[in-house]
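The structure under discussion appears below in the form of structure tokens.
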Protein chains: 2
Amino acid sequence: MGSPVLIEKALKIRDASIDSVLPGVTLPDPLPQNVQGIPDTILNPEELQITGYDTLQLVKKLASRELSCESVTKAFLKRAALAQKTVNCITELLPEHAIKRAKYLDSLPHPTGPLHGLPISIKEQFGFEGKINNNAFVVNCDRQQIPACTLNTVLEDHCGAIIFARTCQPQSVMHLETNNNIYGRTVNPYNRKLTAGGSSGGEGALVGFRGSPLGMGGDIGGSIRVPAANCGIYGFKPTPFRVGNPGGMGLIVGQEGIIGCIGPLAPSLSGIELFMKAYLGTEPWIKESYLTPLPWRQIQLPKKLKIGVMWSDGIVKPHPPITRALSLLVNSLKSNPAFEIVDWEPIDHDKCWDITCALYWEDGGRRLQEVLRSGDEEPLELTKWLLEQPTMKPRTLEEVWALKAARNSYRAMYNQHWLNTGREDSHPVDAILSPVGPGCAPPHDQSKYWNYTSQWNLLEYPSISFPVTKVDSSLDVRDSSYRPISKADEFNHGLYPGPEAYEDAPVSLQLITRRYEDEKCIEILKQIEAATHDLRN
Amino acid sequence: MGSPVLIEKALKIRDASIDSVLPGVTLPDPLPQNVQGIPDTILNPEELQITGYDTLQLVKKLASRELSCESVTKAFLKRAALAQKTVNCITELLPEHAIKRAKYLDSLPHPTGPLHGLPISIKEQFGFEGKINNNAFVVNCDRQQIPACTLNTVLEDHCGAIIFARTCQPQSVMHLETNNNIYGRTVNPYNRKLTAGGSSGGEGALVGFRGSPLGMGGDIGGSIRVPAANCGIYGFKPTPFRVGNPGGMGLIVGQEGIIGCIGPLAPSLSGIELFMKAYLGTEPWIKESYLTPLPWRQIQLPKKLKIGVMWSDGIVKPHPPITRALSLLVNSLKSNPAFEIVDWEPIDHDKCWDITCALYWEDGGRRLQEVLRSGDEEPLELTKWLLEQPTMKPRTLEEVWALKAARNSYRAMYNQHWLNTGREDSHPVDAILSPVGPGCAPPHDQSKYWNYTSQWNLLEYPSISFPVTKVDSSLDVRDSSYRPISKADEFNHGLYPGPEAYEDAPVSLQLITRRYEDEKCIEILKQIEAATHDLRN
């Protein structure tokens, strides 16, 4: 499905870039379910060591020149090529560009920028000067990138990084999985039967496989946090307008009901903070005047942190591993005098989804269907599901105004709800601890519940997903007393026959703070991680 | 025109409030052209002294309790009632509320808040709890204010101010004059043949008459800056989302292409800064989470200020008094080593207007016409003019998306244009000095050129209008060498038969800085005023 000529063109570019980095490697056939052991059998000790470093360690070793940019770039190129061969997450490696740039950086008398020599992978959608920018639509497979990508400029010219890989996203870039008619499906490196998540699923899988020390994704409904959660890494969605839009073209330019956010995926929390500091340190708002001119601020946390725990959103109950992970943290924090734990009451999260979904597709999906048709491609399973949503209908201008008014009212209501948690002690909740989704990475084509993440997109609250544990076959047994609370809940329950379906799957949680409290979000997670270090894998 | 019952209801409320404050006063009949001398003949010396203080002086005397809140409130109520009788700027005084509150504040052991006891007037549109909120439409003349107005809450409960008057705005709240079918026309206190400006024209006239020491207006195309300029006071339009929206209802909720801004009008620059500091000092973004959490920042200006002077926008040339005021400042600053003066090149300001005007009326004015029809009222002269604009046409969703995309491109282009002014010396222009409009306050129904102010609304640049001088009959002679550069220019030229048509009219200019550089805008104007103090009246 989809013009074979165009698809072939894209695959040829991808395959050539992979072959130039990792020619003639022999892999097990069939591949094992969990491919995380494969690098040990293919990469040499130096490559394993380099790609095993935490992002912050790597930046330090590059800055001190203990490691050369070239060696680091080549190691990640190789591991990323291996990721492609095992989980199908790459649209194109950029060896020529990256190695040339690495050599240039190595030739400088001093390191340049806070990310000197750090290889960074980017979602294909963001574009790359001089390259095709297909945005996961077949029709675009011969579309040259037109505007320069400002994010790339900041990362390379201002921060000293090296962009070395472009990664997969789903058809429409609006699934919480990654599958499209050009490159096919991206799978989870811990369990190929499960999804890597989406829409920044190429990044999730690549960083989760340690094929990149830092990835750039986009998130308008969970598209950074979900793949990060599914693949056992960290994914941060900042407040809108703190990180600049890339130069690539989205499906609909000028639709502004819910603002998409750009943010980092990294194997560690320090990697996330490293990016935010480095990026905002360049004062990107000078060149991109739509950004809010807020540097990364040093903040003082309250002595005692008040954490609101959302066990369920009241619509879809999370699977046992998620509830266990929440209990694990909550039990530990409850006995810690530096934390106060209260329950978070979700209010009208279903209403929030209805507004959000309608604002994603003001035109009821007309533009999406046109683009699919013009590339002669069929909607995939999750695109069909999207198009069947009850909010998918054509709208008048006046209906769109009413939606935005409803969105604004919902935001005001929810803000007051948050402030009300401080009514008795003048200390509103500092952060919400919540699931990232109603389960671990689902089997393919089943990611049909966005609310645990999209809720914070409409509200524009910063939120981060982080790994807590792994699915445990003895602890995460199916809930035999289950009674459905909604149709969506019943569907979700059906996705959990038992822990055996989620072998090796990472279990992640999400931390949420108020609008523009990005720094606070990261700082509180540091405190939580420090306080629960012994508990987590 | 318009339901007489509804109109009568509104006028009765207004007249009762005026009569309770200033019963049985005899004024010259007919009124003189310039009514600024009238207070001297009606108010007592204490009232004249109080209403003659600068805003900052007043706040100091109120805080030190040299003046009681009650005496100050009563003096301004009286002068505001006199303003109503001479320039027709009030929809309703609030003597009962204001005096009760003044007495309460006087009874407190200590002053409360940074604006303790300061009387503040507000544009009717913003609403007032328990009062009718007609928004200048006849149909609304029995519409009770529904939501509490958050701006009022901040001003009174957090800052300690006293809201004592509500002021006129034009039909549609989208004229640069003030005239509607309920209250009629607001005129200029310096020259009743000229307009007070609009849409915050009630505020312009009232503060210009010294009937209020601080007024709150709204500005989506010049509606604070133009009336302030016309009436010889200061008017500041901040960056959007620094000052919160009021609780009143606009015509179209959910239309967000150009964001309206709330801001202060005051007789002095220090009055403007006083408000911004007091307001932002309350951290309004906590309760109004759509606001940007930026306090009023202390900033360091460059040692030498680089000012770009826009003599004309290339579409409509300003009248002689405006060009003379610009020359006055420029000649003085040019000889001052603390300033570097360069020309500002306006780029595509006509294109900017086309996008802006279309985004004001995404529906081509359909909603506006419905509201007029439902109140059985006719469009006034300037409403008709609006409805005849070529951009006034119904639009599809896709056309609105395209407009927003064009707006974003224009913003990016203009930002780069600004940065380019520093290409040679790494010092881009710090501020633009420009006309506020292509002339002083025009005769009634002639304010048909918005670009000098609306330009900065689309761009979201903070800008302030400030008085420089008065029209001078000997200096401001008509340009005999005039050749039209556009149709709009020809129309504007026709509005200037000579200085005699603008007797006593204030001549104001505008200072503009980059997005979110609100503090810088105020600081630079301080420097300019200090450097040119001798020149100005």
Side-chain angles (χ1 to χ4, degrees), chain A residues 147 150 239 241 244-245 247 249-257 285-294 297 359 361-364 366-367 370 394-409 411-419 422 428 459-461 514-518, chain B residues 147 150 239 241-242 244-245 247 249-257 285-294 297 359 361-364 366-367 370 394-409 411-416 418-419 422 428 459-461 514-518:
Chain A
T150 49
T239 304
F241 302 122
N245 292 330
M249 281 177 280
L251 175 63
I252 303 174
V253 180
Q255 182 183 260
E256 299 174 342
W285 50 82
I286 294 174
K287 288 222 166 178
E288 294 172 83
S289 57
Y290 61 86
L291 293 176
T292 306
L294 276 175
R297 297 161 294 182
L359 286 170
W361 307 100
E362 292 178 0
D363 67 346
R366 186 166 46 197
R367 174 75 59 92
E370 281 167 14
R395 283 185 185 79
T396 64
L397 266 185
E398 285 82 356
E399 286 170 324
V400 172
W401 292 344
L403 273 175
K404 291 189 179 170
R407 179 203 61 192
N408 294 350
S409 298
R411 286 175 177 166
M413 179 281 289
Y414 214 90
N415 185 54
Q416 193 53 54
H417 175 54
W418 189 306
L419 294 178
L459 291 171
E460 303 193 334
Y461 293 173
R514 303 183 67 214
R515 190 163 179 261
Y516 278 114
E517 288 185 346
D518 304 85
Chain B
T150 49
T239 304
F241 302 121
R242 291 208 72 177
N245 292 329
M249 281 178 279
L251 176 63
I252 302 173
V253 180
Q255 182 183 261
E256 300 173 341
W285 50 83
I286 294 174
K287 287 221 165 179
E288 294 173 82
S289 58
Y290 60 85
L291 294 175
T292 306
L294 276 175
R297 297 160 293 181
L359 286 171
W361 308 100
E362 291 178 0
D363 67 346
R366 185 165 47 193
R367 173 75 59 93
E370 280 167 13
R395 282 183 185 82
T396 63
L397 267 183
E398 284 81 358
E399 285 169 325
V400 173
W401 292 345
L403 275 174
K404 291 189 179 169
R407 179 203 61 191
N408 295 350
S409 297
R411 286 175 176 165
M413 178 281 288
Y414 214 90
N415 184 55
Q416 192 53 54
W418 190 307
L419 293 178
L459 292 171
E460 303 194 333
Y461 293 173
R514 303 182 69 216
R515 190 164 180 261
Y516 279 112
E517 288 185 344
D518 303 84

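So you know, we letter chains A, B, ... as the sequences are listed, proteins then strands, and number each from 1.
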Side chain / backbone / both / neither for Leu294(B) at chain A, heavy atoms under 4.5 Å: side chain
Side chain / backbone / both / neither for Ile286(B) at chain A, heavy atoms under 4.5 Å: both
Arg407(B) side-chain N/O to Gly254(A) backbone N/O, donor-acceptor pair under 3.5 Å: no
Interface moiety of Leu459(A) toward chain B, non-hydrogen atoms closer than 4.5 Å: neither
Choice from Leu397(B), Asn408(B), Thr239(B) maximising heavy atom contacts with chain A below 4.5 Å: Leu397(B)
Any donor-acceptor pair under 3.5 Å from Glu288(A) side chain to Thr150(A) backbone: no
Criterion side-chain contact (heavy atoms from CB on, under 4.5 Å) on Trp401(B) and Glu398(B), from CA distance to verdict: CA-CA 5 Å; Trp401(B) 292 345; Glu398(B) 284 81 358; 4.1 Å; yes
Contact winner vs chain A - Gly257(B), Ala405(B), Ser289(B), Ala406(B), heavy-atom pairs under 4.5 Å: Ser289(B)
Structural part of Asp363(B) lying under 4.5 Å from a heavy atom of chain A: both
Leading residue by heavy atom contact count with chain B [cutoff under 4.5 Å; candidates Glu460(A), Gln416(A), Arg366(A), Glu517(A)]: Arg366(A)
Residue pair Arg297(B) / Tyr516(B): nearest heavy atoms and the distance that separates them: NH2-O, 2.7 Å
Donor-acceptor contact present, side-chain Arg411(B) to main-chain Tyr290(A), <3.5 Å: no
Backbone of Trp361(B) reached by a side-chain donor or acceptor of Arg395(B) within 3.5 Å: yes
